[in-house]
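Okay, so here's the structure we're looking at.
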Amino acid sequence: MVTFDEFRAMALALPEAAQEPTWEIETLRVRAKIFAMGSPEGETVTVKASPEDQAELLAAEPEVFTSAPYVGRHGWVSVRLDLVDPEELRDLVTEAWRRTAPKRLVKEFDARATD
């Protein structure tokens, strides 16, 4: 099980990530662009993914992953915090950040990760 606070910490550990309350939920952003969101009181969080990744996640673990309301058609995935593997969620949050962050920032992040 992952708590919302742990999810938020995963996201905020990424370069230039910031939290901003919007639509009565917490959005996690990089340079003002949303890559993940959720509510501290909620049972799920939502992360940005490609439509292909979304399809794979839903097929592999439909009890954990669902298409996100409103933005699911763009690949976003809802994730049940009580069922997701913490490392898998960390990977999904990092990949959501990578999809959203400017290319130069991702390149700098990757360079630091391989040092």
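The model shown is predicted, which means the values in this text are computed figures rather than measured ones. Each residue takes its place number in the sequence, starting with 1.
Residues Phe4 and Val84 share a single hydrophobic cluster, defined by chaining ILVMFWY side chains whose heavy atoms lie under 4.5 Å apart. Val71 and Ile25 end up in the same hydrophobic cluster when Ile, Leu, Val, Met, Phe, Trp and Tyr side chains are linked at under 4.5 Å.
Side-chain contact between Leu28 and Val93 is absent, with no heavy-atom pair separated by less than 4.5 Å. Side-chain contact between Val30 and Leu14 is absent, with no heavy atoms from C-beta onward closer than 4.5 Å. The side-chain heavy atoms of Phe65 and Val47, taken from C-beta on, include no pair separated by under 4.5 Å. Counting heavy atoms from C-beta on, the side chains of Val79 and Glu88 never come closer than 4.5 Å. Here the side chains of Thr100 and Ile34 are not in contact, with every heavy-atom distance at 4.5 Å or above. In this structure, the side chains of Arg98 and Asp110 come closer than 4.5 Å at one or more pairs of heavy atoms.
Taking each heavy atom of Gln54 and Ser67 in turn, the nearest pair found is NE2-OG, 3.3 Å. The two atoms that bring Met37 and Trp76 nearest to each other are CE-CZ3, 3.7 Å, heavy atoms only. For the pair Ser50 and Arg99, the tightest heavy-atom approach, listed with the atom from each and the gap, is CB-NH2, 3.1 Å. Contact detail for Ala11 and Ala17: the closest heavy-atom pair is O-CB, 3.1 Å. Arg31 and Pro102 make their closest contact through NH1-CG, 3.4 Å (heavy atoms, listed as atom of the first residue, atom of the second, distance). Pairing each heavy atom of Thr3 with each of Glu6, the nearest pair is N-OE1, 2.8 Å.
The line from CZ of Arg29 to CD of Glu16 is 14.5 Å long, rounded to the nearest 0.5 Å. One finds the OG1 atom of Thr46 at 7.5 Å from the CZ atom of Phe7 (value rounded to the nearest 0.5 Å). With values rounded to the nearest 0.5 angstrom, Arg90 atom CZ is found 10.5 Å from Asp85 atom CG. Atom NZ of Lys107 is separated from atom NZ of Lys103 by 12.0 Å, given to the nearest 0.5 angstrom. To the nearest 0.5 Å, atoms CG (Leu58) and CG (Asp53) are separated by 11.5 Å.
Between Arg8 and Asp5 a salt bridge is recorded (basic side-chain N to carboxylate O distance below 4.0 Å).
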Stepwise side chain to side chain contact (heavy atoms under 4.5 Å, CB included) test for Val77 and Leu92: CA-CA 10 Å; Val77 177; Leu92 290 171; 5.9 Å; no

Let's go through Leu83 and Glu61 carefully: what are the C-alpha distance in whole Å and the side-chain angles of both, what is the deciding distance for side chain to side chain contact (heavy atoms under 4.5 Å, CB included) to 0.1 Å, and is it a yes or a no? CA-CA 10 Å; Leu83 297 177; Glu61 294 182 87; over 6 Å; no

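Between the side chain of Trp97 and the backbone N or O of Pro15, at least one donor-acceptor pair lies under 3.5 Å.
In this structure, Glu43 places its CD atom where only 12 or fewer heavy-atom neighbours from other residues, nucleotides or ligands lie under 6.0 Å away.
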